[in-house]
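Beneath this line is the structure, given in structure tokens, with notes to follow.
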2 protein chains.
Amino acid sequence: MHQYGLKVTNARIKVLRILMQSQVALSHGDILTRIHGNELDKVTLYRTLSSFVNAGLAHKVATEDRTWLHALHLPEERNEGVEDHAHFVCDTCECIYCLPLVTEDMAAIPIKESGFQIKSHEYRLRGTCPSCH
Amino acid sequence: MHQYGLKVTNARIKVLRILMQSQVALSHGDILTRIHGNELDKVTLYRTLSSFVNAGLAHKVATEDRTWLHALHLPEERNEGVEDHAHFVCDTCECIYCLPLVTEDMAAIPIKESGFQIKSHEYRLRGTCPSCH
DNA sequence: ATTATTATTGCAACTTGGTTGCATTATGAC
DNA sequence: GTCATAATGCAACCAAGTTGCAATAATAAT
């Protein structure tokens with residue numbers, strides 16, 4: 001956590017551990033319920049999460065029901081600062097997975113020379129995840 | 001509006017007109033401020049918009065600040081029921097454009113044979129729009 | 001045209017995810 | 001250990017969107 005310029009605190013250690021253990025992106029509520037026993041203030045959790053995002057340790061995904069999910073960056077994205085992966089939303093369990101993208105800038109294809117200058121892209125997929133079919 | 005199974009009302013006509021006149025997807029607030037004079041209740045507008053979405057006339061896009069934008073379907077999507085276009089978010093003016101996608105199922109590429117069954121996808125691009133550079 | 005049926009409208013109250021202000025506490029540089 | 005600075009916890013707050021319900025307007029039936 002040091003190398004990201006963050007002070008090492010109890011709250012951050014706990015939240016980081018929870019994020020590391022999860023295959024899917026987690027909501028504020030998800031994380032809170034996973035902190036059994038020694039509670040964590042909801043505001044602290046909000047701030048912990050956004051400190052992770054600002055530091056480039058994690059990223060957030062907006063859901064359909066206007067909440068944020070958080071997930072650590074994929075291993076191959078560390079130190080890059082770029083977020084280049086797809087989000088997969090499972091129709092059944094509603095989980096959101098971060099999947100690596102093997103892409104040679106697909107974003108540039110559909111609308112080049114239309115006046116739109118593309119700097120980044122997000123790819124969101126819906127369907128059924130491995131544990132739901 | 002009849003062919004979509006919706007009663008033709010004042011509110012719906014006004015909102016539909018506003019959506020038709022806009023190049024970009026509009027927020028609840030955007031639409032409300034464009035109804036000069038004869039007011040429209042905010043709840044009515046919420047319900048009008050979701051009636052459009054349910055009827056397959058429009059669709060909604062989630063923004064980064066957890067609100068919904070609404071836009072009519074692109075001409076080529078009418079009567080299809082499928083929503084197959086990219087969303088372009090301008091970094092400067094924050095507008096969201098709906099752009100037609102010329103795609104041969106790009107979604108299938110990145111993660112096939114990984115256990116994820118893809119049913120639909122959304123492609124979101126960020127950058128600078130034509131009127132901002 | 002009039003009436004009956006049914007969906008839409010408008011208002012107030014409410015829900016919920018998230019934020020702000022501020023005093024208290026803990027971290028890490030010295 | 002001391003100190004500056006950042007993180008925490010609490011309460012109050014904010015804003016987007018929803019719910020319940022009575023009043024009203026749009027279509028269908030007569």
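To find a chain, count down the sequence lines: A is the first, B the second, and so on, and within it residues start at 1. Heavy atoms only: backbone and side chains are in, while hydrogens, waters and symmetry mates are out.
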Looking only at N and O atoms, is any donor in the side chain of A:R47 or the base of D:dG9 less than 3.5 Å from an acceptor on the other one? yes

Could one point to a donor on the side chain of A:K42 or the base of C:dG17 with an acceptor on the other under 3.5 Å away? no

Between [atom2] of [N] and [atom1] of [X], the distance in whole Å:
X     : N      : atom1 : atom2 : value
A:I31 : C:dG18 : CD1   : P     : 11 Å
A:R66 : C:dT16 : CZ    : C1'   : 7 Å
B:I13 : C:dT9  : CD1   : C1'   : 15 Å
B:K14 : C:dT9  : NZ    : P     : 10 Å
A:L6  : C:dA29 : CG    : P     : 13 Å
B:H28 : D:dA15 : NE2   : C1'   : 12 Å
B:D41 : D:dA22 : CG    : P     : 17 Å
A:L45 : D:dA7  : CG    : C1'   : 14 Å

Does a side chain donor of either B:T44 or B:T48 reach within less than 3.5 Å of an acceptor in the other side chain? no

OP1 or OP2 of [N] less than 4.0 angstrom from a side-chain nitrogen or oxygen of [X], does that happen here?
X     : N      : value
B:T9  : D:dA25 : no
A:Y46 : C:dT19 : no
A:R12 : D:dA7  : yes
B:T48 : C:dT8  : no

Name the orientation class of the two ring planes belonging to B:Y46 and B:H28 (parallel below 30°, tilted from 30 to 60°, perpendicular beyond 60°). parallel

Contact class for A:T44 (heavy atom, under 4.0 Å): base, sugar-phosphate, or nothing? base

Nearest to the side chain of B:V8, which nucleotide is it out of C:dG28, D:dT27, C:dT9? D:dT27

Could you pick out which residue, B:N10 or B:D65, lies toward the 5' side of DNA chain D when each is mapped onto its nearest nucleotide? B:D65

Might you work through the ring-ring contact (aromatic ring centres under 6.0 Å, His included) test for B:H59 and B:H70, ending with a clear yes or no? CA-CA 6 Å; B:H59 66 279; B:H70 289 81; 8.6 Å; no

Hey, quick one: are B:I96 and B:I18 part of the same hydrophobic cluster, counting side-chain heavy atoms closer than 4.5 Å, chains of contacts allowed? no

I need the minimum non-hydrogen distance between A:E39 and A:K14, along with the two atoms involved. O-NZ, 4.3 Å

Please tell me which of B:V43 and A:W68 maps to the more 5' nucleotide of DNA chain C, matching each residue to the nucleotide holding its nearest heavy atom. B:V43

